[in-house]
Amino acid sequence: MATVVYTDDSKVSRTTVTLLGFPVVVEATPISYTWDFGDGSPTLTTSTPGKAYPHAEITHKYKKREGVGITVTTNYAARFNVADTGWQYIEGTVLITGPATLLQVREAVPVLVDPGR
């Protein structure tokens, strides 16, 4: 079975700080997500944060039983605005990796049964 992954933390983050007496609004916008499924398979980069079941936008199939730690690294673009003078874009992006979500991969074995018994 495919394991569905997604993150809820996909909104624009905005904070205001005061620097030398001036208000500075800093905004970070997620632009991509890199998933590490913790089993040694190649990472997967997506432009969306995924969706919960049953939408199954981002999935992964594990090949063996084991304990894994799934991580997602969010790639943010950033900009700032000093005292309402206009937005200035920051060159490059910022990568932030969230904490691992532990998952115990199990195996289900189908068994045919006689429903009349």
Side-chain angles (χ1 to χ4, degrees):
M1 289 183 64
T3 300
V4 178
V5 296
Y6 66 97
T7 180
D8 287 332
D9 196 13
S10 62
K11 297 181 177 108
V12 174
S13 296
R14 182 182 277 202
T15 190
T16 302
V17 297
T18 301
L19 185 61
L20 301 173
F22 295 98
V24 179
V25 179
V26 180
E27 191 175 90
T29 303
I31 57 173
S32 69
Y33 306 85
T34 300
W35 303 89
D36 183 336
F37 298 102
D39 61 352
S41 64
T43 59
L44 172 66
T45 300
T46 63
S47 60
T48 66
K51 292 182 181 176
Y53 180 85
H55 303 290
E57 197 173 86
I58 303 166
T59 63
H60 181 70
K61 288 188 180 182
Y62 289 94
K63 296 183 188 225
K64 63 180 181 176
R65 293 178 301 204
E66 62 183 325
V68 297
I70 302 171
T71 60
V72 62
T73 300
T74 306
N75 189 13
Y76 290 93
R79 65 184 187 163
F80 65 93
N81 187 338
V82 179
D84 261 343
T85 58
W87 289 103
Q88 301 291 317
Y89 288 85
I90 298 172
E91 190 174 324
T93 58
V94 176
L95 299 173
I96 297 180
T97 301
T101 298
L102 302 178
L103 174 68
Q104 189 64 41
V105 179
R106 300 286 189 203
E107 180 180 28
V109 179
V111 177
L112 294 175
V113 295
D114 184 355
R117 285 191 184 183

Legend entry - Qualifying residue, where the test is side-chain hydrogen bond (donor to acceptor under 3.5 Å, both in side chains) with T34 and the options are T73, T43, T45: T45
Inset, instruction - Please check if I90 and V17 belong to a single hydrophobic cluster, counting links between Ile, Leu, Val, Met, Phe, Trp and Tyr side chain heavy atoms closer than 4.5 Å. - result: yes
Inset, instruction - Mind telling me whether H60 and F37 have parallel, tilted or perpendicular rings, with 30° and 60° as the class edges? - result: parallel
Inset, instruction - Measure the CD1-CG distance between I31 and N75 for me, rounded to the nearest 0.5 Å. - result: 4.0 Å
Inset, instruction - Report the distance from atom OH of Y33 to atom CD1 of I58, rounding to the nearest 0.5 Å. - result: 9.0 Å
Inset, instruction - Would you give the length of the straight line joining atom CG of L44 to atom CH2 of W35, rounded to the nearest 0.5 angstrom? - result: 9.0 Å
Inset, instruction - Find the distance between CZ (R14) and CZ (R79) and round it off to the nearest 0.5 Å. - result: 6.5 Å
Inset, instruction - Kindly state each residue pair satisfying salt bridge (charged side-chain N to carboxylate O under 4.0 Å, His left out) with at least one member in residues 82-102, sequence neighbours excluded. - result: none
Legend entry - Shared hydrophobic cluster, L103 / V72 (ILVMFWY, side-chain heavy atoms < 4.5 Å): yes
Legend entry - Interatomic distance, Y89 atom OH to E27 atom CD [nearest 0.5 angstrom]: 8.0 Å
Legend entry - Pairwise side-chain contact, V105 with K64, heavy-atom cut-off 4.5 Å (strictly under): no
Legend entry - Pairwise distance OG1(T101) to CD1(I70) - rounded to 0.5 angstrom: 6.5 Å
